[in-house]
Each structure stands twice: as C-alpha cells, then as structure tokens.
Amino acid sequence: MKFTELNLPEAVLKGVAEVGFTELTPVQEETIPIALSGKDVAAQAQTGTGKTAAFLVSLFTRLLTSGKRTSNNPRALIMAPTRELVVQIVEDAKGLGAHCPIKVQAIFGGMDYDKQRQALKDGVDIIVATPGRLIDYAKQRVFTFDRIEALVIDEADRMFDMGFIKDLRYILRKLPDFEHRQTMLFSATLSPRVRELAYEFMDLAERVEILPEQVTAERVEQLLYHASRREKFPLLMGLLKKELDAERVLVFVNTKREAEYLTERLKANDLKAAVISGDIPQNKRMRILADFKEGKLTFLVATDVASRGIHIDAVSHVINYDLPQDPEDYVHRIGRTARAGALGKAISFADEDLVFHLPDIEEYIGRKIPSRFPEEDDFFWDYKRGAPRKKAPPAHAKPAAAAAKAKKPRRRGKPRSDGKPSA
DNA sequence: AAAAAAT
C-alpha cells in the first residue's frame, strides 16, 4: 500500500513525499488506518519498522482538522523514556510536518529551561516529552492538559516500568478521560503485564492490538561468545582485528561505571571511542551522539540510555559487552543495527556473572543464539593496559577465582570519594 | 539489580 492511497491531507502527503516515503511498512499499514479512525491502538512491532512515522502521520492528520492552536493548551502529547528519543521524534516531526501548520515542541530536562517554558506559554500543538520536566511545568501551571485529545506513549513498556510508572500515572490522571482522547501505545516489546497496566488508560471497546510473531529483526546476524570477565576486553580487541568492516560499533554495558572504564580502555588503545550514559551532561550527550552519527567516532560505549528507539545509520556492529539483565533490552539493543533494510551484526559476550540471563533471553526471542567458546587466536592480548601479555587461558577457567577477585575493587561500604552518600 | 528521568 502507498501513502497516496491513504486519503491524507495534502500538507501531510507533501511532507511524507519529501522525507522519501512511498510504500507503507507493515506496521504502518496496520496502525495508520485504525489511528485515523480515532480508535486506540496498542502496537508491538520490530525495531526500525517505522513506528514513529505511523503515529506522527496520524497525529498531524487529526490535528489539522480538529481545531486550532491556543496558548497554554497543547492538543497532543507524545511521551518517551529518554531525552535523545524526544529530540529524534521532534526531528522526524519537522520533516514529516514541514508543510503542516502544527507546532511541535520538545520538553526534556538538562537544557533550555526558560526557552521550553516560553514555548509552552506561547502555545504548541504537540508536546514531545520525557516525564520529569513536563511535570515540573505542569505543576507551575505553565500549561494545562485540558485540551489534550491524543496521547502517544512510545517505548511503552519502558514508560510503564518501575522507574517511570509514578510520573506517568501523574500525567495520565491529569489528562482528559480516555473516552475523550485517543491513546496510542508503541514498542518493539510489549509484555502482557505492561499491556494490562496500560489498558487501564485505554478505551477497551475501541482498542486494536497488533502483535508480531517475531520480536527481533531477522536481518541482524546474532552471535554469542562465552568468555570470562577478564577475557572480554582482549576478545573485543581480537574481534576488531578480524572484523575489518567494523566501522560503527555500538558497545552496550550494564552500568555507567563500566561504560566509563571501558571507554578509557578503548581510548588507551588509540581507538576513537566515547561514552554516553545518564552521568554525561546533556549537551555533551547530544554532541557525542551527533559525532557518532557523522562517523567521527568508531565506538560508542553506552548504557541502556541508548538502547531504545535511537536511529543511527549504518551501525555495523552492536556488541553486548555485558549481557543485558532484561530480555527486552537485548531486543532493543540489537535493534540499533540492521535498521531500515541495512545489514548488521550483534555479538554478545556471556561471562560468569551474567550468563545466567541467557536462558531468559533465548526464551524471549524464541530461538537459540548461535554461541561458541573463543579460540586462542580470537584474542588480542597485546593492548596497553591492565592485562597479561601472554596467551589466553581456556574460557571459563577458574570462574570462582575470577569472580572473587572481581568483587575486591568494589569498595563496598566505604564512603564515596566524591563525598556524596552511596546509594 | 541497573538504568532513565526535574532542579
């Protein structure tokens, strides 16, 4: 099906054509007609299949005909779990909505406090926001939720998890009742638990659920190495020597601390690497992401701040240096590669501390990840810092000793050097 | 159990 067959307003079609869309993706084909009819939608679809455009096209079409912009009273709200994702959605909206008289405003923490505040006062049609800053302005009555007629929750399962649910509920309570607004839920992973929670805020009678058979994109080539903690870095270096096409590598770790440490190790080996995590100041986060997108960086070491929704062209490899704790995060992380028709490789390391997550991940994705134990020549030990230069021990040799050794430098119980109380 | 998100 083509966008031109959808009976969209001329202004929307013009934007769609300009960003180069002609054919609808399967998820767009399923969701856009339903969304245009005003029904609630809960859609799970593989990463990189055009979910953002699906809800943006629907929102623009609705808002073009439903009324006019007034100050302090936005008409639609899009919620997302990271600031980068908010920025990206706004960028997509600028392209698709280039010919629509619809004002889209990003609301998120870490930057532009007065600018965002003023924009809300002046009046916007669509807010794209992370929860914290939005609630801040709402409490100050910079704007009201009274005229919100459509709500989109992107990466819905993340928005409904422990860390976000309180803020999200606060916002949902302030919105017009679900009978007087449209609600749309999107994610690559939409668990039954999350759907149950979310349906409290949706019109059950008018809800359409779209669930795929396969959660991961088939074009991602997946591979897993069983490697001990101490083997992981030499294995990473070894892989880089072999995979000469590793031009844009996104490396995921589970903690902010590990992200910093691994980045330093890569840099010490003269590799162009940078780190992105919630500890990095917002303006730097944006610059690093831009540098990575432009190819100025080969490596981006990231926490799960970068695992969801972010589109980066031509990521050749995703490395799960730490196996993620949540199976959903595995799906989102590897979804950063092989996007929009491209190919990509996802290589995961399973060490003695994290390998126990593997069965859950494999059950979730419904298949075994091809795995192997590294060979002698998979390693490259001759890096500059912190490891023996001799030959590699066999994989999983003395895991108990390695685990015990690993616990030592954690300084448990001691006061933090920065003076703040430890969490 | 960690990450993200307001100042």
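Below, chains carry the letters A, B, ... as their sequence lines are ordered, and counting in each starts from 1.
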For residues 185-199 of chain A, which side-chain donor-acceptor pairs fall under 3.5 Å, sequence neighbours excluded?
residue	atom	partner	partner atom	Å
A:S187	OG	A:D157	OD1	3.0
A:S187	OG	A:T189	N	3.1
A:S187	OG	A:T189	O	2.8
A:T189	OG1	A:D157	OD2	2.3
A:T189	OG1	A:H332	NE2	2.7
A:S191	OG	A:V194	N	3.2
A:R195	NE	A:E209	OE2	3.0
A:R195	NH1	A:L190	O	2.9
A:Y199	OH	A:E209	OE2	2.5

Quiz: residues 169-178 of chain A side-chain donor-acceptor pairs under 3.5 angstrom, not counting sequence neighbours:
residue	atom	partner	partner atom	Å
A:R169	NH1	A:E200	OE2	3.2
A:D177	OD2	A:E179	N	3.3

Under the salt bridge (charged side-chain N to carboxylate O under 4.0 Å, His left out) rule, collect the residues that match up with A:E30, sequence neighbours excluded. none
Contacts of type side chain to side chain contact (heavy atoms under 4.5 Å, CB included), residue A:A106, not counting sequence neighbours: A:V86, A:V90, A:F108
For A:A259, enumerate each residue passing the side chain to side chain contact (heavy atoms under 4.5 Å, CB included) test, keeping only those at least two apart in sequence or located in another chain. A:V253, A:V275, A:V301, A:T303
Generate the contact string for nucleotides 1-7 of chain B. Rules: B means base contact, S means sugar-phosphate contact only, - means no protein heavy atom under 4.0 Å. BBSBBBS
